[in-house]
Amino acid sequence: MHASSRSEIEPFYVMEVLKAAAARQRSHGDALMMCVGQPSTGAPRAVVNQAHAVLDSQVMGYTDATGIPELREVIAKHHRDWYNINVTADDVVVMTGSSGAFSLLFLAAFEAGDTVAMTRPGYPAYRNTLSALGCNVLEIDCGADTRFQPTVAMLEALDEVPKGLIVASPSNPTGTVIDPDELAAIARWCEAHDCLLISDEIYHGLTYGRAASSAWETSKAGVVIGSVSKYFSMTGWRLGWALVPPHLRRPMEILSQNLTICAPAITQYAAMAAFGEDAKPELQNHLERYAVNREIVKAALADMGLSSAPPDGAFYAWCDIGHLTDDSTAWCTEVLETTGVALTPGVDFDTVKGHRMMRFSFAGSTAEVTEALGRLAASPLLQS
Ligand SMILES: Cc1ncc(COP(=O)(O)O)c(C=O)c1O
């Protein structure tokens with residue numbers, strides 16, 4: 001007996017680093033998790049209160065496969081309010097995290113053998129999930145000159161028009177944002193070329209001065225992906241959604257019925273409170289903390305001689321460590337073993353240049369971020 005060849009995909013190395021960091025915490029008690037894109041804060045108080053209340057009042061049975069109608073309406077309103085666009089509950093498909101939305105969307109939209117484009121560097125689970133589904137992944141090499149983001153000129157230069165294109169703005173691992181005009185041009189290009197644009201907008205709300213626009217402001221032919229994980233500080237609650245064009249709604253519903261049945265009921269009921277007025281001050285506080293962390297990180301990295309992408313949003317610094325190593329995995333392991341600071345090796349995000357890059361997440365508390373930077377600054381591994 002053996003496992004399928006489809007499952008022979010790369011690990012999601014962040015999760016492997018997290019495992020090593022947890023082991024370090026058990027053995028030394030000094031681990032600092034700068035490796036994971038996860039707020040150190042819990043869900044907004046309003047969500048927790050709502051969860052307590054619904055536990056006593058709801059059966060928590062299966063829900064509609066695409067989410068309870070009230071939540072879908074709340075999410076639709078969220079998009080109407082933030083982007084001044086016309087979105088209805090019918091457009092919204094609720095899933096188990098944006099990760100669940102991606103798997104179902106890829107299954108619904110692409111045949112095995114289809115080519116789907118994404119940026120390099122980019123979020124590894126796109127590549128690995130598409131590979132497991134038998135799709136060909138076309139990586140578009142994006143450098144600092146375009147803020148590590150794709151442009152229409154790059155799409156024009158491709159040998160073939162891909163069946164789909166995934167963009168993320170703000171992006172993981174770089175935190176960079178696509179200019180609204182460029183995103184609009186990409187959305188128009190995709191619509192004109194019958195290429196399904198998948199716009200990962202799960203870091204929206206977490207920007208520092210540079211506005212992130214939504215792909216649906218230009219074209220509703222593509223898909224927008226959202227999640228409560230990042231801005232709403234609810235990673236483990238596992239709730240995400242997709243805004244989908246009509247031809248994908250029923251296929252995604254049927255796939256959801258069969259593959260997951262529905263997203264967790266308690267999360268669906270509780271998450272509605274995340275979009276309400278009561279949660280706003282808390283979420284604003286988190287954003288302000290990330291903004292403070294970002295300034296501290298930028299200054300400290302510059303002092304250490306590390307150049308990084310301009311983090312317009314999210315909570316990541318994508319750093320060049322090429323003068324220190326050409327094996328980012330071994331280097332990050334050594335940093336963890338000698339300092340207790342967990343960093344993510346760049347190979348997760350960039351299969352070509354990632355061995356000379358690492359990602360630092362500043363999603364944690366300011367105290368933790370400051371302590372981690374102090375330990376790194378004192379480490380011989382950071383001296384070239
Ligand atoms: C760009 C991007 N998309 C999607 C996800 C998946 O998030 P979730 O499944 O928690 O919504 C992540 C997680 O880090 C991410 O960075």
Side-chain angles (χ1 to χ4, degrees), residues 11-18 33-43 67 71 75 78 92-106 116 118-130 137 139 142 148-150 164-178 183 197-207 212 214-215 223-243 256 259-260 263-264 267-268 271 274 290 309 311-318 342 344 346 348-350 359-364:
F12 186 5
Y13 288 105
V14 172
M15 303 311 288
E16 305 270 312
V17 175
L18 199 58
M33 313 287 192
M34 303 299 120
C35 53
V36 67
Q38 157 156 280
S40 56
T41 47
L71 172 62
I75 292 171
H78 166 74
V92 181
V93 174
V94 167
M95 296 287 145
T96 48
S98 69
S99 304
F102 278 112
S103 311
L104 263 62
L105 172 66
F106 293 163
V116 181
M118 61 176 278
T119 62
R120 188 181 65 231
Y123 180 59
Y126 308 145
R127 178 178 8 96
N128 298 338
T129 307
L130 285 164
V137 179
E139 295 188 326
C142 298
F148 300 95
Q149 293 285 6
L165 167 70
I166 309 172
V167 299
S169 168
S171 122
N172 178 7
T174 63
T176 58
V177 161
I178 307 180
L183 181 62
L197 176 62
I198 301 172
S199 179
D200 183 341
E201 303 183 1
I202 78 162
Y203 289 99
H204 277 212
L206 300 178
T207 49
S214 171
V223 175
V224 164
I225 301 282
S227 172
V228 295
S229 289
K230 310 294 176 171
Y231 171 71
F232 296 98
S233 190
M234 293 174 62
T235 46
W237 293 70
R238 309 311 300 132
L239 192 117
W241 64 89
L243 305 184
S256 175
L259 269 66
T260 63
T267 302
Q268 294 193 53
Y290 302 141
D312 305 318
F315 27 53
Y316 305 117
W318 177 240
T344 307
D348 223 5
F349 309 95
D350 186 330
R359 190 195 71 177
F360 183 105
S361 165
F362 53 87

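Both backbone and side-chain heavy atoms feed into the values below; hydrogens, waters and symmetry mates do not. The chain is numbered in sequence order, starting from 1. Each ligand, and each atom within it, is numbered from 1 in the order the structure gives.
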Please walk me through it: do S233 and T41 pass side chain to side chain donor-acceptor pair (under 3.5 Å)?
CA-CA 6 Å; S233 190; T41 47; 2.7 Å; yes

Aromatic plane relationship, F106 with F102 - under 30° parallel, 30 to 60° tilted, over 60° perpendicular:
tilted

Please check if the distance between the ring centroids of F349 and Y316 is under 6.0 Å.
no

With respect to L105, which candidate in I166, I198, V93 satisfies the side-chain contact (heavy atoms from CB on, under 4.5 Å) definition?
I198

Candidates L259, T260, T129, T96 - the one meeting side-chain contact (heavy atoms from CB on, under 4.5 Å) with S103
T129

Without swapping roles, check the side chain of Q149 against the backbone of A168 for a donor-acceptor pair under 3.5 Å.
yes

What does the contact table look like for ligand 1 (nitrogen or oxygen on each side, cut-off under 3.5 Å)?
from, atom 1, to, atom 2, distance (Å)
ligand 1, 3 (N), D200, OD2, 2.6
ligand 1, 7 (O), S98, OG, 3.2
ligand 1, 9 (O), S98, N, 3.3
ligand 1, 9 (O), S99, N, 3.0
ligand 1, 9 (O), S99, OG, 2.5
ligand 1, 9 (O), R238, NH2, 2.8
ligand 1, 10 (O), S229, OG, 2.6
ligand 1, 10 (O), R238, NH1, 2.8
ligand 1, 11 (O), S98, N, 2.8
ligand 1, 11 (O), S98, OG, 2.7
ligand 1, 11 (O), S227, OG, 2.7
ligand 1, 11 (O), S229, OG, 3.4
ligand 1, 14 (O), K230, NZ, 2.8
ligand 1, 16 (O), N172, ND2, 2.7
ligand 1, 16 (O), Y203, OH, 2.7

